[in-house]
Each structure stands twice: as structure tokens, then as C-alpha cells.
Amino acid sequence: MIEKEAMYSISYGLYMLTTTDGEKQNGCIVNTVSMITDNPKRIVVFVNKANYSEELLKKTGVFNVSVLSESVPFDIFKQFGFVSGRDTDKFAGGNYPKSENGLFYLPQYANAVLSAKVVDHYDYGTHTLFVAEVTEAKKLSDENSVTYAYYQSHIKPKPNATPKAEEKPTDGKHKWVCKICGYVHEGEELPDDFICPWCKHPASDFEQVE
């Protein structure tokens, strides 16, 4: 038996990854970035195949990683993690600086930005692992990097068992809340193959509250 709560105990950071298709830029939230060699400086990043950024990264092979800090608000996760870049311009209306590779990065709510170029990638089922050489690295602040545990405890809104007026289910329907991101699903049942439209987690990560 594999208890999901045990898997959640693994320590993760949280990062905003930016890439491009050559014209349009896109960003997503990732939780696995690690340095693997010092000379040359290389990092690895795992990206969910459901993310549009994974598709773009395979095409162009360049990206930025903004290392999110503890001051990051939940709105950043909604902006870059809960909508798809396939039908949304996640950078629309914003004023974002660019690194030397021409990609946007997050100047606020991040303590560093790393630019990198992919040198290899590997298919791991639901995710692709990208190996990349760092081309630029800039420190932005002294604030602590945010961890997944800190996000869960201090940033992510707690599920509310009392629906808002506009969320109140109709007769005969029930309410499930995603334990990862707080998305609310309403219906007569939660299908076994349901995937959270925000964080892409499965039905097993939902709990019924009504």
C-alpha cells in the first residue's frame, strides 16, 4: 500500500518556469529543480506532460527558473499553475523583465533566477526530465525559498466546508475539494478518472465536504 500522505512528506521547493515557442512566452509552476554538476553548472527539472510548457520546452530548449520565496501570494500559483497557456496568455498585462536569453522572469516574490539551455531530456511517463546547462544566474533577494510544506501551511487557502453563495451546490449534488490546490468540484459524483483542472492531481486527492 502506498499512502499519499507519506509521499507529501518529501521536501520540495516551488518554482516558476518560463519558456517559449519562439514567439509566445509561457510559464508554469514546478516543484522539482536540482543542481547535478558544478562544472559545468547543470540542473535538472521535471515538468508534467500535461503542462503546455513541457511541449514548448521540447521545441526550443531554453527556459528560466524563478526560485519562489516565502512572500509569494496564492495569486501567482493561480496565474501560472491553474490555467493553461494553450488558451491563456499568462503574462498579459504584466510588466516582466527579461534575462539574457530573452525570456521573462519573476522579479518579485522570487529570490533568484536561473537561465538554462536543455542538453538532454528523458521520458518518465507522466513527466519529462530535462537536463540543462545554466547560462545565467542572478540573485534577487535574501528571502527564504518557499517549500511545498510552507505553501501548504501558510499560502494555500484552507478548504471551506461552507460553500460561498455562488458555489452552493444544487439539490442532489455534492461537493469535493482538492486537497492540493483547493479547487471545488460539484456534481452527483466524482468520477474515478477525474483530473483537477487546476493542479492536475487525480480524484484520489479530493475529499468530499458536502
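In the hydrophobic clustering of ILVMFWY residues, with side-chain heavy atoms under 4.5 Å counting as a link, F91 and I76 come out together. Hydrophobic clustering, with ILVMFWY side chains joined whenever heavy atoms are under 4.5 angstrom apart, groups Y150 together with Y148. Tracing side-chain contacts under 4.5 Å through hydrophobic residues (I, L, V, M, F, W, Y), one reaches V119 starting from V44; they form part of the same cluster. Under the 4.5 Å side-chain heavy-atom criterion for ILVMFWY residues, a single connected hydrophobic cluster contains both V118 and M35. By the rule that hydrophobic residues join a cluster once side-chain heavy atoms approach within less than 4.5 Å of another member, V134 and I36 end up as members of separate clusters.
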(message) Using side chain to side chain donor-acceptor pair (under 3.5 Å), reason through N111 and D142 one step at a time and then give a plain yes or no.
(response) CA-CA 6 Å; N111 58 26; D142 293 322; over 6 Å; no

(message) For Y15 and L106: C-alpha separation, side-chain torsions, deciding distance, then whether side-chain contact (heavy atoms from CB on, under 4.5 Å) applies.
(response) CA-CA 10 Å; Y15 314 86; L106 201 63; over 6 Å; no

(request) Determine, step by step, whether L57 and F130 satisfy the side-chain contact (heavy atoms from CB on, under 4.5 Å) criterion, reporting the C-alpha distance in whole Å, the side-chain angles of both residues, the deciding distance to 0.1 Å, and the verdict. (result) CA-CA 9 Å; L57 196 46; F130 294 93; 3.7 Å; yes

(request) Start with the C-alpha gap between E133 and R42, add the side-chain angles, then the distance that decides, and say whether salt bridge (Lys or Arg N to Asp or Glu O under 4.0 Å) holds. (result) CA-CA 4 Å; E133 188 164 335; R42 287 184 174 176; 3.7 Å; yes

(request) Take L17 and V47, measure what side-chain contact (heavy atoms from CB on, under 4.5 Å) needs, and give me the verdict at the end. (result) CA-CA 9 Å; L17 181 144; V47 186; 4.2 Å; yes

(request) List the steps and the verdict of side-chain contact (heavy atoms from CB on, under 4.5 Å) for Q208 and H174. (result) CA-CA 8 Å; Q208 186 173 349; H174 302 285; 3.5 Å; yes

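Atom OG1 of residue T32 and atom CD1 of residue I43 lie 12.0 Å apart, to the nearest 0.5 angstrom. Rounding to the nearest 0.5 Å places CZ of F46 at 9.0 Å from OG of S34. With values rounded to the nearest 0.5 angstrom, C28 atom SG is found 4.5 Å from N51 atom CG. Once rounded to the nearest 0.5 Å, the distance linking CD of E70 with CG of L14 reads 11.0 Å. With rounding to the nearest 0.5 Å, the separation of NZ in K41 from OG1 in T135 is 13.0 Å. L140 CG to Y105 OH: the interatomic distance, rounded to the nearest 0.5 Å, is 6.0 Å.
Here the closest non-hydrogen pair linking V65 and F63 is CG2-CE1, 3.5 Å. The two residues S53 and T19 come nearest to each other via the heavy atoms O-CG2, 3.7 Å. Between S141 and A110 the shortest heavy-atom distance is OG-O, 3.8 Å.
Around CG of D87, the count of heavy atoms belonging to other residues, nucleotides or ligands within 6.0 Å exceeds 12. The 12-atom threshold is not exceeded at NZ of K117, counting heavy atoms of other residues, nucleotides or ligands nearer than 6.0 Å.
Here H185 and F206 keep their ring centres 6.0 angstrom or further from each other. A centroid separation of less than 6.0 Å is found between the aromatic rings of F74 and F82.
Here the side chains of V184 and W176 are not in contact, with every heavy-atom distance at 4.5 Å or above. Proximity of V83 to K90: side-chain heavy atoms (C-beta onward) are separated by under 4.5 Å at one or more points. Between L68 and M16, some side-chain heavy-atom pair lies under the 4.5 Å cut-off. The closest side-chain heavy-atom distance from E55 to R86 is below 4.5 Å. Side-chain contact between V146 and I155 is present, with at least one heavy-atom pair separated by less than 4.5 Å. The shortest side-chain heavy-atom distance between K175 and E207 does not fall under the 4.5 Å cut-off. Within the 4.5 Å cutoff, side-chain heavy atoms of E143 are placed close to those of S71. Residues N26 and T20 fail the side-chain proximity criterion, which asks for heavy atoms closer than 4.5 Å.
Counting only distance, with no hydrogens or angles, the side chain of T18 and the backbone of F104 share a donor-acceptor pair below 3.5 Å. S69 contributes a side-chain N or O that, together with a main-chain N or O of Y109, makes up a donor-acceptor pair within less than 3.5 Å. Side-chain atoms of E136 come within 3.5 Å of backbone atoms of E100 as a donor-acceptor pair (strictly under, hydrogens ignored). Panel note: side chain N64, backbone L103; a donor-acceptor pair is recorded below 3.5 Å. Checking side-chain atoms of D123 against main-chain N and O of G125 turns up a donor-acceptor pair under 3.5 Å. Proximity of a side-chain donor or acceptor of Q108 to a complementary backbone N or O of V72 within less than 3.5 Å is not detected. The backbone N or O of Y124 sits nowhere less than 3.5 Å from a side-chain atom of T128 that would complete a donor-acceptor pair.
Counting only N and O atoms by type, the side chains of S99 and S115 include a donor and acceptor under 3.5 Å apart.
Of the charged side-chain nitrogens involved, none lies within less than 4.0 Å of a carboxylate oxygen, so that E188 and K173 do not count as a salt-bridged pair. Salt bridge K78/D75: present, at least one basic N to carboxylate O contact under 4.0 Å.
The aromatic rings of F77 and Y151 sit tilted, their planes meeting at an angle between 30° and 60°. Using bins of under 30°, 30° to 60° and over 60° for the plane-to-plane angle, the ring pair F80/Y96 lands in the perpendicular bin.
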